[in-house]
Amino acid sequence: MQQKVLGATGLMVSEIGFGASPLGDEFRKTDPAEGVRAVHAAIDRGINFFDVSPYYGRKLAEERLGIALEGRRNKVVLATKCGRYDTSLFDFSAARLRASIDESLSRLRTDYVDLWQAHDVEFVDARQIVDEAIPAMREIQKQGKVRFIGITGLQLKMLRSIADQAPVDTFLSYCRYNLLMNDLDHLLTGFAKQRNIGLINASPLHMGLLTESGPPAWHPASPEVVDASRTIVKACEARGYKVGDVALRFCLDHPYAAITLVGMSTVQHVERNIAAVECRPPAELIAEIRQLAAPVANRWWPTGREENWDYGAGCDPGFASHAI
Ligand code: NAD
């Protein structure tokens with residue numbers, strides 16, 4: 001497994017990261033023992049970056065990951081988050097963040113995390129992140145409980161604007177660069193590169209849309225995007241490829257993102273995704289996928305406060321922001 005450097009943090013991270021939200025049963029009910037085996041298999045095969053949050057499974061994913069990492073903590077670069085605790089429960093106050101890190105460390109059975117990220121910042125007032133959350137996170141960093149700090153979210157202009165006012169070490173963006181989307185590069189990649197901010201590209205399978213089994217019921221994409229994804233799955237099958245392999249390989253070729261973060265909870269998916277590194281889809285298949293994706297490419301969905309949306313309050317969420 002190739003390792004890359006995560007911006008100015010200097011952390012060497014595996015190009016495939018283990019997204020632990022499925023361990024919290026976010027997509028479907030999973031077997032905890034199989035989840036532990038998946039984490040161990042990933043470490044044994046060279047995956048060293050693990051990402052979780054107290055939000056995933058409302059603490060369950062952190063608890064399960066903590067169990068799985070016992071005796072292996074020093075082999076991984078461990079990232080968790082703060083500020084989001086339920087679907088509509090956000091608290092980025094300094095007092096909550098101070099308690100949050102201790103709770104996360106206890107569940108993760110460790111005394112530090114490598115990366116601590118403010119989770120889904122578009123749901124609150126940007127000023128609170130700049131004036132309260134990031135200064136509190138930097139204080140906690142000084143105490144040695146976290147090595148680096150970052151911010152995550154779907155709305156990219158807000159990530160950029162926050163980092164411009166209160167510097168951060170990493171960005172985690174999801175569902176903005178994969179076979180269906182590429183506006184990450186229009187809105188954030190250049191800024192991140194210029195400032196040497198580590199870039200994590202999450203959800204290469206578009207949160208399960210680019211898989212044979214399809215998305216979970218809660219997936220926010222429109223029916224048109226879901227239909228287009230099905231045709232892409234079939235186009236891959238017709239040429240003897242698994243869509244997940246093609247989708248992952250596509251993201252791994254991103255010129256700046258250090259980590260492609262994919263959600264996993266089974267040994268089978270770990271092995272499949274590691275094997276996907278060797279996948280070399282023919283140019284004709286990629287061209288066909290681009291054609292199938294074009295009518296729905298870069299369609300987003302509203303998350304968080306309207307004032308934080310990339311394309312402005314009141315704009316049509318079905319609007320394609322850029323041609324792919
Ligand atoms: P994803 O695109 O990685 O898709 C995950 C889904 O695909 C799961 O159901 C998983 O079981 C399945 N899967 C994985 N490998 C597969 C394979 N080879 N074949 C078929 N199915 C496969 O979406 P995600 O899990 O949402 O994103 C990855 C990670 O990124 C998350 O686990 C989380 O750690 C992080 N993330 C963070 C944020 C945020 O901070 N706001 C948002 C989204 C994701």
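Throughout, numbering of the chain's residues begins at 1 and tracks the sequence. Order of listing sets the numbers, starting from 1, for every ligand and every atom in it.
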Discussion item. So does S88 get a backbone contact from the side chain of D86, meaning a donor-acceptor N/O pair under 3.5 Å?
Written reply: no
Fill in: atom 34 (O) of ligand 1: nearest protein contact (heavy atom, Å)
D51 OD2, 2.6 Å
Worksheet item: At a 4.0 Å threshold, what atoms of ligand 1 neighbour a non-hydrogen atom of H119?
Response: 39 (C), 40 (O), 41 (N)
Worksheet item: Only one of D185, N178, N201 forms a side chain to side chain donor-acceptor pair (under 3.5 Å) with H254, so which one is it?
Response: D185
Worksheet entry | Any N/O pair Y174/ligand 1 closer than 3.5 Å | no
Fill in: For atom 15 (N) of ligand 1, closest protein heavy-atom neighbour
N273 ND2, 3.0 Å
Discussion item. Using 30° and 60° as the class boundaries, would you call the ring planes of F250 and Y177 parallel, tilted or perpendicular?
Written reply: parallel
Practice prompt. Could you see which bit of Q117 sits under 4.0 Å from ligand 1, with heavy atoms only: side chain, backbone, both or neither?
Written response: neither
Worksheet item: Of G208, C251, G214, S203, which has the heavy atom at the shortest distance from atom 24 (P) of ligand 1?
Response: S203
Worksheet entry | K81 heavy atom under 4.0 Å from ligand 1 | yes
Discussion item. Any side-chain to backbone donor/acceptor pair from H219 onto V226? Under 3.5 Å, distance only.
Written reply: no
Worksheet item: Heavy atoms, side chains only, cut-off 4.5 Å: are W116 and T80 in contact?
Response: yes
Discussion item. If we set the cut-off at 4.0 Å for heavy atoms, which region of V262 has an atom near ligand 1: side chain, backbone, both, or neither?
Written reply: both
Response to the item:
Going by the 4.0 angstrom heavy-atom rule, the piece of R272 near ligand 1 is side chain
Practice prompt. Around atom 23 (O) of ligand 1, find the nearest protein heavy atom and jot down its residue, atom name and distance.
Written response: M207 CA, 3.4 Å
Item to complete: Using a strict 4.0 Å cut-off to heavy atoms of A20, name the atoms of ligand 1 that fall inside it.
Response: 32 (O), 34 (O)
Worksheet item: Would you say Y56 contacts ligand 1, with heavy atoms under 4.0 Å as the rule?
Response: yes
Practice prompt. Please verify whether a non-hydrogen atom of R28 lies at under 4.0 Å from ligand 1.
Written response: yes
Discussion item. Heavy-atom distances under 4.0 Å decide this one: backbone, side chain, both or neither, for C175 against ligand 1?
Written reply: neither
Worksheet item: What residue and heavy atom of the protein are closest to atom 32 (O) of ligand 1, and at what distance?
Response: S21 OG, 2.8 Å
Practice prompt. Compare all side-chain heavy atoms of D310 with those of L187 and state whether any distance is below 4.5 angstrom.
Written response: yes
Worksheet item: Any N/O of E212 closer than 3.5 Å to an N/O of ligand 1?
Response: no
Worksheet entry | P22: numbered ligand 1 atoms lying under 4.0 Å from its heavy atoms | 32 (O)
Practice prompt. Step through the shown structure and confirm whether more than 12 heavy atoms of other residues, nucleotides or ligands are within 6.0 Å of CD on Q291.
Written response: no
Item to complete: Run the contact test for S265 against ligand 1 with a 4.0 Å cut-off on heavy atoms, strictly below, and give the result.
Response: no
Item to complete: List the closest protein heavy-atom neighbour of atom 7 (O) of ligand 1: residue, atom name, distance to the nearest 0.1 Å.
Response: L205 CD1, 3.7 Å
Item to complete: Show your working on salt bridge (charged side-chain N to carboxylate O under 4.0 Å, His left out) between R138 and D169 and close with a plain yes or no.
Response: CA-CA 11 Å; R138 288 290 184 204; D169 305 311; 3.0 Å; yes
Worksheet item: If you measure from each heavy atom of G244 to ligand 1, is any distance below 4.0 Å?
Response: no
Worksheet entry | Polar contact flag for L172 and ligand 1 (N/O pairs, less than 3.5 Å) | no
Worksheet entry | Over 12 foreign heavy atoms within 6.0 Å of NZ, K59 | no
Response to the item:
On a heavy-atom basis, the closest approach of L172 and L159 is O-CD1, 4.0 Å
Fill in: Closest protein heavy atom (residue, atom, distance) for atom 41 (N) of ligand 1
D120 OD1, 2.5 Å
Worksheet item: Tell me, do M158 and I151 make a side-chain contact under 4.5 Å, heavy atoms counted?
Response: no
Practice prompt. Examine the proximity of ligand 1 to T152 and report which part, side chain or backbone, both or neither, has a heavy atom under 4.0 Å away.
Written response: side chain
Discussion item. Could you tell me if R195 sits above the aromatic ring of F171, with its cationic atom closer than 6.0 Å to the ring centre and no more than 45 degrees from the axis?
Written reply: no
Practice prompt. Indicate yes or no: does an N/O atom of F27 lie under 3.5 Å from an N/O atom of ligand 1?
Written response: no
Discussion item. Among all protein heavy atoms in this structure, tell me which lies nearest to atom 17 (C) of ligand 1, with the distance rounded to 0.1 Å.
Written reply: H269 CD2, 3.5 Å
Item to complete: Measure across G304 and W309 and return the closest heavy-atom pair with its distance rounded to 0.1 Å.
Response: O-NE1, 3.5 Å
Item to complete: Please say whether G263 places an N or O atom under 3.5 Å from an N or O atom belonging to ligand 1.
Response: yes
Worksheet entry | Lys NZ or Arg CZ of R84 over Y55 ring: under 6.0 Å, within 45° | yes
Worksheet item: Around atom CD of Q268, are there more than 12 heavy atoms of other residues, nucleotides or ligands at under 6.0 Å?
Response: no
